[in-house]
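Order of listing sets the numbers, starting from 1, for every ligand and every atom in it. Reckoned from all heavy atoms, side chains included, excluding hydrogens, waters and symmetry mates. The structure displayed is predicted, hence computed values, not measured ones.
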Amino acid sequence: MNGSGDGRRRPEPSVGAVPKKAPKSRPYHHPAAGWGAAKAVTGFLLREDEAVEGARGMLRMNHEDGGFDCPGCAWPDTKGLRLDVCENGIKHATWEMTGKRVDRGFFAAHSVSELFEWSDFALEDQGRLTEPMAYDPDSDHYVPISWEDAFEVFGRAIRDLDDPNRASFYTSGRLGNEATFLYQLMVREIGTNNLPDCSNMCHEASGRALHASLGTGKGTADLEDWETADALFIMGVNAASNAPRMLTTLARAHRRGARIVHVNPLIEAGATRTIIPHEFLQMALFHPTPTSTLNLQPRVAGDMALMRGIAKATLEMARTDPKAVDEKFIERHTVGFEEYKAVCEATSWEELEHQSGVGRSEILEAARVYRGADRTIMSWSVGLTQHEHGVDTIREIVNVLLLRGNLGREGAGPSPVRGHSNVQGNRTCGIDNRPPREFLDRLAEVCGIDPPRDDGLNVVGTIEAMRRGEVRVLVGMGGNFALATPDTPYTYAALRECDLTVHVSTKLNRSHLVHGRRALILPCVGRTEKDVQRGGLQRISVEDSMAMVHLSQGMRPPASPRLRSEPAIIAGMARAALPDSRTPWEWYVEDYDRIRDTMAEVLDGFEDFNRRVRLPMGFRIRQPARELIFLTPSGRAEFSAADLPDAVPPPGTLVLGTMRSHDQWNTTIYADDDRYRGIENLRTLVFMNEDDMRERGIGEFDPVDITSTAKDGSTRSLNGFLAVAHDIPRGCAAGYMPEMNVLVAIGDYSVQSDQPLMKHLKVTIDPAGAVTD
Ligand SMILES: Nc1nc2c(c(=O)[nH]1)N[C@H]1C(S)=C(S)[C@@H](COP(=O)(O)OP(=O)(O)OC[C@H]3O[C@@H](n4cnc5c(=O)[nH]c(N)nc54)[C@H](O)[C@@H]3O)O[C@H]1N2
Ligand SMILES: Nc1nc2c(c(=O)[nH]1)N[C@H]1C(S)=C(S)[C@@H](COP(=O)(O)OP(=O)(O)OC[C@H]3O[C@@H](n4cnc5c(=O)[nH]c(N)nc54)[C@H](O)[C@@H]3O)O[C@H]1N2
Ligand SMILES: [Mo]
């Protein structure tokens, strides 16, 4: 197949295949993170041949006084915990520490066309990449290349561009702060702001909403606040799978009497009870701790109406209860209250119930929890952001918080849960396709470069520009661009238009196989490994979801002696692309303290970086909104009074959200199971409400055809997915990314955040073969 050897005309992936083993679905009745998790970890460590090393590795993870930062998620480390780990963190770190290797023999044995036919699981399962490789179009194989030659391939491609904006530089949120800073410096010195990142698909809406409301791109609460809050609203997150260490905090909060309200169309495992992941005695006694006071199941995208309902109820209480609303706070620190109040009053209860999918009595109960708490934190993840009205929804959360002055004091505030372990640090350190002017000014002054001032391309913009032939070079600094992004066939075609694709990676993945005319794989040292440079053993820093910056140091020898660290790879690329650069690239890489010293001069809140980052637990980046200083146009916190969108799917259609299973890490699939949702051996599924299934004549595990209709009217289909009945509101459906990215049209992104509508697909679902056209 593909004998032409140009590496560009390949079949699309075969999705919808019926699994090899019989799939199972049964309700999961056990608490989250209990023995099921312990068993899963043991099985996983054995499979990866890591039982001993893995266990030792875990003891060095998320330590207060050293060790490496768990790459599993961005949840902060708990102070004083010797062992702050979870099942999925262990799986994720072990995935990197595997003893398996992909070497030149492997690439000689398998052509790219052949590898393209492999599953994504099989690709990553081959183990760690070991040396730089270049695509050879004549043989359709990757062949070894020296680091210097690889840098020169990249450097020449950049130097040959007639316009630096013809290159685009993706970042996945694993990259440490120091590498991040060097990377954006290189890109801006090359002359473009084309810095798409995974945030464009993840929490862009949170950043924009918080900026507009509070003049900050981040949440204002930290872990200590979580530990003193009286009420916690946990929205649109599957904590047991994706931020398992949050369960510890929730269980502790419940024990001390805090009220916890979960808001999710699905009742996820972490939303009922848990075994605190590191409390082994409890695990042995099988003693679960509740993690919930109230579970609300809005329809997909019904959250804004729900929040408005809570606001309406709170304002109604205020007629007789002078303490329901904090008038002093509102008067002193906010603008737009009267308009917001009027909007809440003008929206009828019937409308709020209809749009949220939650009954009035439940909304009132949530409002009573809110009124009953002196200190409230509201938290959310991508269940709220990947929607058309994500920004309005998050602003509505802030509206509700402002009503009772839940800002700028202990135990209160907005608290988005980020995804990748350093995705927040990436933005802080300059990965931004729409960089603020002040940042560029500082960069110009301190680093002596002349950064471009025009906004660059985001993820979707990059894909569209590649497809048009305008972007000719794509660099992926980590991640799996081909698979994580929307509209898989469109994106594949766009990548194949490129002159050069370069991926800095730890494992083989789909993005290496869907490539440009030329392609490079540059393998790097991972988070768990020692990074030794001329100046000795290096440490990197990362920032968690709550703006804490701390050091991370790997403790294992690199998977191969030919790996380089990300900062070293960036320096090599920069030197080749910018031969006349006055930036001391190699000098920076000798000792990362030097990078940090420059960062301290450029970045707000990083003064004295090298000293403060060495404090136990690191330091918290200063945040004006936390001190009630609002960098908004009005200088105050701004209420928003946006119109309620229509979230109700028209008759016959459903709204479908794509999400992660328990056994995957974004595009990395560990197994075809989703334990907490009771699924075994199946990923090509769609969760539906039983009544919606019955209405369509669909039975459990029946194959179905799913068709999405994009804003422009175009349709995309997946055939042969199996329907699984689940406790989900009528009119809603859910399934897994990245298999379902085929359904997300490239042009379907939010006008508010530019985020692809990954949780907001308009679909029809029919028995397989029922609809022909
Ligand atoms: N083990 C593991 N950990 C991870 C990841 C991983 O893949 N595996 N990924 C990391 C990354 S990059 C990220 S961004 C985070 C993602 O963490 P999550 O935000 O938990 O990600 P998803 O699996 O996409 O699930 C989103 C949740 O939102 C709910 N949801 C869907 N639509 C709506 C809605 O309209 N309203 C509400 N209220 N809820 C809705 C779904 O039911 C689901 O529970 O996790 C990070 N941590
Ligand atoms: N439909 C749908 N699509 C989605 C989402 C969704 O909910 N629904 N979620 C979106 C979200 S929130 C995100 S964040 C993106 C994720 O998108 P990405 O961040 O692009 O994807 P990952 O799957 O996390 O990337 C995995 C790859 O990263 C590489 N890697 C791992 N560790 C390292 C390292 O230390 N250094 C380097 N250089 N490489 C490393 C490995 O080669 C691995 O194959 O996907 C988005 N896509
Ligand atoms: Mo993410």
_Backbone or side-chain N or O of V525 under 3.5 Å from ligand 2 N or O_ = no
*Donor-acceptor contact below 3.5 Å, side chain R128 vs main chain E96*: yes
*Using the side-chain contact (heavy atoms from CB on, under 4.5 Å) rule, pick out the option among M573, H503, M186 that qualifies with V475.*
M573
*Decide yes or no on side chain to side chain donor-acceptor pair (under 3.5 Å) for Q752 and D392, but give the supporting numbers first.*
CA-CA 8 Å; Q752 305 186 338; D392 284 347; 2.7 Å; yes
*Is the closest basic N to carboxylate O distance between K100 and D125 below 4.0 Å?*
yes
*asked:* Taking 4.0 angstrom as the limit and counting only heavy atoms of Y170, give me the atoms of ligand 2 inside it, by number and element.
replied: 17 (O), 18 (P), 19 (O), 20 (O)
*Any donor and acceptor pair, going by atom type alone, linking the side chain of R510 with main-chain N or O of F116 inside 3.5 Å?*
yes
*Give the C-alpha distance, both sets of side-chain angles, the deciding distance and a yes or no for side chain to side chain donor-acceptor pair (under 3.5 Å) between E204 and Q755.*
CA-CA 7 Å; E204 189 81 47; Q755 274 192 242; over 6 Å; no
*Does an N or O from N480, backbone or side chain, lie closer than 3.5 Å to an N or O of ligand 2?*
yes
*Can you tell me if T428 and K218 form a side-chain donor-acceptor pair at under 3.5 Å?*
yes
*Between M740 and ligand 2, which part of the residue brings a heavy atom under 4.0 Å of the ligand: side chain, backbone, both or neither?*
neither
*Which of these, V400, L296, I310, sits in a side-chain contact (heavy atoms from CB on, under 4.5 Å) with F233?*
I310
*What part of T506 sits under 4.0 Å from ligand 2 if we count only heavy atoms: the side chain, the backbone, both or neither?*
both
*Identify, by atom number and element, the atoms of ligand 2 in contact range of V504, meaning under 4.0 Å from any of its heavy atoms.*
37 (C), 38 (N), 39 (N)
*Near ligand 1, which protein residues have a heavy atom under 4.0 Å away?*
G72, C73, N88, C202, G236, V237, N238, S241, N242, V263, N264, P265, L266, E268, V300, A301, D303, S381, V382, G383, L384, H387, G419, H420, M659, R660, Q664, W665, N666, K759
*Any atoms of ligand 2 less than 4.0 Å from a non-hydrogen atom of E124? List them with their elements.*
43 (C), 44 (O)
*Relative to the heavy atoms of C524, which atoms of ligand 2 are at a distance of less than 4.0 Å?*
36 (N), 37 (C), 38 (N)
*Would you say P738 touches ligand 2, if touching means a heavy atom closer than 4.0 Å?*
no
*asked:* Determine whether a donor-acceptor pair (N or O, by modelled atom type, separation under 3.5 Å) exists between the side chain of R527 and the backbone of G176.
replied: no
*Those residues that, when tested against D754, pass side-chain contact (heavy atoms from CB on, under 4.5 Å) (two or more places apart)*: R208, N458, Y749
